[in-house]
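Take a look at the structure below.
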Amino acid sequence: MNRSKGSPSGRSIRPGRSADGPGRSTNAPATSDFLQLDTGDAPRGGIADWLARQIRGAIADGRLTTGSRLPATRALADELRVSRGVVTEAYRRLTEDGHVAGRGRGGTVVLAEPARTHASPFPHTAPDGPSPPPGGLFATPPDDLGIFDAVRAAPARIDLSPGLPDLSAFPRAAWLRAERAVLAGLAPADFGYGDPRGAPALRGAVARWLSRNRGIVADPADVMIVNGTAQALRLLVDVLRAKGISRVAVEEPGSLGVRQHLRPLGTPPVPVDAQGVRVDALRATGAPAVLLTPAHQFPTGVVLGGERRRELMDWAREGGLVIEDDYDAEHRYDRPAVPALRALLPAHVCYAGSVSKLLAPALRLGWLLAPPAYRDALADAKRLVDLGNAALPQLVLAHLMESGDLERHLRLIRKHHRRRRDAMIQAIGTHLPGAKAHGAAAGLHLTITFDASAYDAPDTALATAALAHGVKVHPLSWHTQLPHAPGLVLGYAATGTAEIEEGVRVLGRLMRPCGG
């Protein structure tokens with residue numbers, strides 16, 4: 001058997017390394033540009049522990065923010081002149097305590113300072129001593145663009161995050177049939193560059209779908225296909241800024257994700273009450289445009305009432321622009337369909353929709369219908385961004401829409417979603433009797449609020465405690481700009497009934513009043 005010279009164990013020793021020292025270099029201490037690390041500060045025999053502490057400290061004090069990528073283990077080991085195993089061990093410890101996560105070729109990235117699992121942020125659930133201050137993942141500033149990625153990546157036994165349909169019900173067989181049918185009919189020229197506004201087949205199918213399901217009379221020429229509502233909003237931001245519009249009012253409370261997409265513009269908040277957005281408050285902002293979710297307001301679930309619609313149309317006719325985010329209007333259970341604003345006032349409404357809540361977000365397929373004054377500028381912006389969506393998924397979706405498969409799928413998942421909605425309502429009544437549920441008649445989520453006099457901890461602390469117990473939720477305060485009663489936004493569509501009941505039970509234990 002051949003053995004490496006100079007190593008009785010048969011292991012080769014890299015220059016400057018000690019064969020018997022635990023990761024120590026035989027040379028002078030080494031430094032790295034990363035966090036200005038200096039191995040001279042490390043205790044002998046404990047470099048892995050020291051390195052993990054340095055990175056934890058950098059996460060805690062903000063030098064490493066959510067989404068930051070750590071150096072590759074080999075590169076950092078070379079800089080510090082230690083064995084790669086030392087760095088790997090340090091990263092392993094950070095992964096186990098929730099500070100970082102491995103992303104394969106994407107490297108190792110920072111999640112956030114994790115919740116401490118040994119104590120709840122709620123005083124009455126921490127009998128073993130003082131509770132830590134509210135913090136962790138859900139205390140990340142809402143303007144952090146990586147916060148949703150970090151939350152999605154955070155491990156949890158039960159995920160009650162809002163925004164997902166029943167992904168297990170994705171119509172794989174129907175999609176595959178449609179894909180085969182589409183491929184069989186494509187000519188070689190169909191694989192070239194297409195219209196950046198979208199495949200004509202899908203634009204026509206969307207126009208007919210909206211006519212049947214949302215009351216919108218539209219010509220296919222009115223429809224532009226986009227990579228979901230997110231891209232629609234981003235394109236609108238650029239076009240509106242070019243036209244001198246620097247502010248878009250938003251609902252209060254209203255979607256944090258929407259505010260992030262509108263970040264380059266001012267987003268003055270407009271209060272929402274039981275009848276929807278207050279048009280008098282909208283006028284008071286002086287904003288020339290407003291983004292609304294009128295069919296099922298996010299996150300409260302209220303429907304824009306008839307009188308408010310009339311007031312809003314008067315405001316729009318005076319020169320205002322409405323951006324209508326029709327994000328989950330197809331999902332309703334206990335009330336009739338509500339016509340889209342675009343159906344009533346097409347010349348003053350930019351309408352955005354997608355299949356993210358109908359099929360799956362991964363498809364990245366949506367549509368934007370804009371008034372004529374904005375249409376050419378939006379098409380130009382889309383052309384510059386990506387030359388148009390991928391053609392094949394567009395044609396498959398068009399086939400599903402025209403064949404009736406998409407409507408059959410909608411009928412199926414409504415049953416799934418209703419069952420899960422009912423399970424969540426029952427669980428809230430059982431385990432959270434003091435909580436008030438909002439928006440149960442439609443959608444894919446419920447919002448609950450609770451009396452701040454009974455539960456005086458921030459809702460971010462409750463979300464942090466829930467995640468520490470394996471349950472993922474959104475704090476309502478994420479979706480507010482003004483002071484608001486504490487609450488949670490709970491998705492139910494993508495989770496089984498047993499998991500929903502268990503998740504709400506955990507919340508009930510965390511929110512149990514002192515002495516309860």
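Reckoned from all heavy atoms, side chains included, excluding hydrogens, waters and symmetry mates.
Using a cutoff of 4.0 Å between basic side-chain nitrogens and carboxylate oxygens, R419 and D422 are not scored as salt-bridged. Looking at E499 and R420, no side-chain N of the basic residue comes within less than 4.0 Å of a carboxylate O on the acidic one, giving no salt bridge. Using a cutoff of 4.0 Å between basic side-chain nitrogens and carboxylate oxygens, R212 and E407 are scored as salt-bridged. In this structure, D273 pairs ionically with R308, as a charged nitrogen and a carboxylate oxygen lie closer than 4.0 Å. The residues D222 and R203 are annotated as not salt-bridged, no charged nitrogen and carboxylate oxygen being separated by less than 4.0 angstrom.
Between the side chain of D459 and the main chain of S477, a donor-acceptor pair closer than 3.5 Å is present. Distance alone, capped at 3.5 Å, places no donor-acceptor pair between the S255 side chain and the F298 backbone. Side chain of D190 to main chain of A187: a donor-acceptor pair is present (N/O by atom type, distance under 3.5 Å, no hydrogens or angles). Distance alone, capped at 3.5 Å, places no donor-acceptor pair between the E311 side chain and the D280 backbone. Here the side chain of R278 pairs no donor or acceptor atom with the backbone of V272 at under 3.5 angstrom.
Using a 30° and 60° split on the angle between ring planes, W478 and F148 fall in the perpendicular class, above 60°.
Taking NZ of K382 as the start and CG of D238 as the end, the distance is 13.0 Å to the nearest 0.5 Å. Between N213 atom CG and R208 atom CZ the span is 13.0 Å, to the nearest 0.5 Å. Atom CH2 of W209 sits about 5.5 Å away from atom CG of L410, to the nearest 0.5 Å. Once rounded to the nearest 0.5 Å, the distance linking CD1 of I147 with CZ of R152 reads 10.5 Å. A distance of 10.0 Å separates CG in L444 from CG in D166, rounded to the nearest 0.5 Å.
Looking only at side-chain heavy atoms (C-beta outward), R421 and Y333 come within less than 4.5 Å of each other. Side-chain contact check for P361 versus L164: some heavy-atom pair is nearer than 4.5 Å.
When every heavy atom of P371 is checked against every heavy atom of R342, the shortest pair comes out as N-NH1, 3.8 Å.
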Check the pair H431 / E501 against side chain to side chain donor-acceptor pair (under 3.5 Å), numbers first and verdict last.
CA-CA 9 Å; H431 303 296; E501 200 278 337; 2.6 Å; yes

Starting from the C-alpha separation in whole Å, work towards a yes-or-no answer on side chain to side chain contact (heavy atoms under 4.5 Å, CB included) for V277 and E252.
CA-CA 8 Å; V277 69; E252 171 65 28; over 6 Å; no

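For CD of E307, the number of neighbouring non-hydrogen atoms (other residues, nucleotides, ligands) closer than 6.0 Å is greater than 12. Atom CZ of R157 has more than 12 heavy atoms from other residues, nucleotides or ligands within 6.0 Å. The environment of CZ in R335 is crowded: more than 12 heavy-atom neighbours from other residues, nucleotides or ligands sit within 6.0 Å.
Ring-centre distance between H296 and H445: below the 6.0 Å cut-off.
Cation-pi contact between K243 and Y374: present, with separation from the ring centre below 6.0 Å and deviation from the ring axis of at most 45°.
Using a 3.5 Å distance cut-off with no hydrogens or angles, the side chains of T293 and E251 do pair a donor with an acceptor.
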